[in-house]
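Chain letters run A, B, ... following the sequence lines, proteins first, then strands; residues in each count from 1. Please read these numbers as outputs of a predicted model, since none were measured by experiment.
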2 protein chains.
Amino acid sequence: MPVTIEDVARLAEVSTATVSRVLNNHDLVSNEARQRVLDAILKLDYKVNLSARRLRTNQTGTIAVVIPTIADSVINQMIEAIEDAAIEEGYTLLMCSTRGDTEREKGYTRLLTQQRMVDGLLYISPRAAPEEVSKLAQGGLPLVLCNYRLEQTKTPCILFDHVSTAYQTTHYLLSLGHRRIALLNLDAPYYYPARMRQEGFEKAFADFRLRPDPTLIREVHRATHVNFDWRDVIHALLDLEVPPTAIVAFNDEVALQVYAVCRERGLNIPADLSVTGCDDILSSRYVDPPLTTVHIPARDEGRLAMEFLLKQIRHERLSYGATLVLDVELMVRESCAAPSS
Amino acid sequence: MPVTIEDVARLAEVSTATVSRVLNNHDLVSNEARQRVLDAILKLDYKVNLSARRLRTNQTGTIAVVIPTIADSVINQMIEAIEDAAIEEGYTLLMCSTRGDTEREKGYTRLLTQQRMVDGLLYISPRAAPEEVSKLAQGGLPLVLCNYRLEQTKTPCILFDHVSTAYQTTHYLLSLGHRRIALLNLDAPYYYPARMRQEGFEKAFADFRLRPDPTLIREVHRATHVNFDWRDVIHALLDLEVPPTAIVAFNDEVALQVYAVCRERGLNIPADLSVTGCDDILSSRYVDPPLTTVHIPARDEGRLAMEFLLKQIRHERLSYGATLVLDVELMVRESCAAPSS
DNA sequence: TGTTATACTGTAATCGTTTACATTAAAACA
DNA sequence: TGTTTTAATGTAAACGATTACAGTATAACA
């Protein structure tokens, strides 16, 4: 029933080899033969059998993307960009979301590398131990790391500037006059962005010749899942004898939970407490007051990651270095004000 | 380099046929031989070559899921459930998001059916014309429709109760005393849930022996994209000579935009205006005031859809009818109150 | 003219499975 | 005992593409 390369060859009065050569854009085909083949393909509505091609060429035509969750605006945007590129290039995308579970993450990466199920792997926001990631990078499978940095390696890493996110928000709050600034951070425990956020946070203080109060830095272990409830942590912070006058939240979702806690306690944002987020999710614009946050180029990150991966698969040289850091932009809205005194 | 079925056969001292029979759980293998094969597989860490299997069995091992967008909490949850099931069953998931573009949607479905790239298709929230969907259903490719209903067909449809969502919120508002209730609805133009919402809206009014004011029903064409800006529509509604006292929004994202408009106009929710949403997204709990909305069983919907599809692919009989409607639950929070006058 | 280079095309092996059919050995029966 | 049935296994032909290699025809050259 299905039309094969042989049917095309027969109709075009050439061998299957010639048809295959046309299919794969080899140049050793006369224009006349090529035209006959093309006509036959069109006439028969021929479509290559991908399984056969893959068996023969030993490629899978599949790219895996390991993500911590799908329910996250930044990941979403990255995925959309990745998906676009994948389909455009004829690849199938195998999505594996780990739900912030490192065991599950390990399981996926093992599965994907052991069985040669995929031609390449896009590993987004790894939470695994550096040695694990490092081992993976040496496995020979084309790999691109996102939101992660692996030193001393040829593995391309692509990430936005995690240091800068916390640096910019913290610097902004400091310049408004805040000194008791809290940081709501993740710690997963190898989660690269979390460490960078802290670095940016401290760097901003250093600019003012200050040091942050360590008791105001809260790292929540295992808060990788989007649905994590931060409210106890936030309450604890506000219950301090000298509570913070501003909070730098890890991302917008966390910042919105700060909003919820303030509502519970009857605190006014920004009069009583300034809040900043990160990611610039849609609702950050609609909440009351609109949230000051950091816009990150998620789509670009996804697109570039895919570009890197395809180049590796095709053994093309990368035109960028092994690590690419993308700029971020502070979005000043109305959730911050000078401290009340 | 890679270990093949022949290596296993050699080590187990059987033929490749026997190994294959063990692999596929055929029962015509002696326990003794089976054990030897199993041992060899373990020892060699053998993994089947999926391309070869697919070529031989004429299956692709891939399931496509066509979705309107990935940046939507309900779709997200469905996808997660679908993905879990797919990986568990050894299928690869090909995600195609149409971004609410019907042309793109048509392109995907055509691509997926013409080339036999996939074993089955999960079609979520179709916006295409019924004839298109109908034609697809007759194409022979195993298909499950989500958030859609195709009458007179064997194609399984699975959806939550779209009528009930609007019915419950509207009924609740009516029982609080509201009479001028607006409906912010989609119209895409074949978007099944939108029509059902209107039906539920009117049904609730009918329960009170009332009829809704047609001028308060706003159907926004082409508002399929999540990032659509509804604020002009909402302002227009509130600019009416006799503005509504309550708004039933199509979903929580739209409801949050109502919040934003109220903020702009200095209106208080729920004192000046009651608002309801749909989907029960995370931030609906954190906004001020917490949003009264409808919880829908998105994960169940995804899981069941996948179950249906796999049964079709395996030619198993469905234990349910062709259409499955899932119940929804009203979540009463604080965004609604009796009308002020 | 013969030789060699060039351009194109075809033949057939190959990728790693599955499976129809053939074969064998053992068990069951007459 | 010989014959038939049954259970277990093996042989080898597919599946549909790609590609190394061989072959042919023409052009270019000596």
Kindly indicate whether the side chain of B:Arg53 and the base of C:dT17 share any N or O donor-acceptor pair separated by less than 3.5 Å? no
Closest heavy-atom contact between A:Glu83 and B:Ser97? OE2-N, 2.8 Å
d(CG, A:Leu23; P, D:dA17) in whole Å: 8 Å
Between P on C:dG16 and CD on B:Gln59, what's the gap in Å once rounded to a whole number? 21 Å
Polar atom pairs between nucleotides 9-12 of chain D and protein, under 3.5 Å, N or O only, would you list them?
{"residue": "D:dT9", "atom": "OP1", "partner": "B:Ser30", "partner atom": "OG", "Å": "2.7"}
{"residue": "D:dT9", "atom": "OP2", "partner": "B:Ser30", "partner atom": "N", "Å": "2.7"}
{"residue": "D:dT9", "atom": "OP2", "partner": "B:Ser30", "partner atom": "OG", "Å": "3.1"}
{"residue": "D:dG10", "atom": "OP2", "partner": "B:Ser15", "partner atom": "N", "Å": "2.6"}
{"residue": "D:dG10", "atom": "OP2", "partner": "B:Ser15", "partner atom": "OG", "Å": "3.0"}
{"residue": "D:dG10", "atom": "OP2", "partner": "B:Thr18", "partner atom": "OG1", "Å": "2.9"}
{"residue": "D:dG10", "atom": "N7", "partner": "B:Arg21", "partner atom": "NH2", "Å": "2.8"}
{"residue": "D:dG10", "atom": "O6", "partner": "B:Arg21", "partner atom": "NH1", "Å": "3.4"}

List the steps, then state whether side-chain hydrogen bond (donor to acceptor under 3.5 Å, both in side chains) holds for B:Asp39 with B:Gln35. CA-CA 6 Å; B:Asp39 288 347; B:Gln35 198 50 56; 3.2 Å; yes
Looking at A:Ala12, is its backbone amide N or carbonyl O close enough to the side chain of A:Arg36 to form a donor-acceptor pair, meaning the two atoms are under 3.5 Å apart? yes
I'd like to know if B:Arg56 reaches the base of D:dA14 with its side chain such that a donor and an acceptor end up less than 3.5 angstrom apart. yes
Quick one: is A:Ser20 getting a side-chain N or O under 4.0 Å of the D:dT18 phosphate, OP1 or OP2? yes
Expressed as a whole number of angstroms, how long is the span from B:Ile5:CD1 to C:dT18:C1'? 8 Å
Would one find a side-chain N or O of A:Asn24 under 4.0 angstrom from OP1 or OP2 of D:dT18? yes
Roughly, in whole Å, what's the span from CG in B:Asp7 to C1' in C:dG16? 11 Å
Side chain A:Asp72, main chain A:Val74, donor-acceptor under 3.5 Å: yes
Starting from P on C:dT17, measure out to NE2 on B:His26 and report it in whole angstrom. 15 Å
How many whole angstroms separate atom CZ of A:Arg54 from atom P of D:dT18? 12 Å
Going by distance alone, is a donor N or O of one side chain under 3.5 Å from an acceptor N or O of the other, for B:Glu80 and B:Asn76? no
Whole-Å gap separating P (C:dT17) and CG (A:Asn49): 17 Å
Rounded off to whole Å, could you give me the CD-to-P distance for the B:Glu6 and C:dT17 pair? 9 Å
Under the side chain to side chain donor-acceptor pair (under 3.5 Å) rule, collect the residues that match up with A:Glu105, sequence neighbours excluded. A:Tyr123
Apply the side-chain contact (heavy atoms from CB on, under 4.5 Å) test between A:Val118 and each candidate in A:Leu141, A:Val65, A:Ile63; give the one that qualifies. A:Leu141
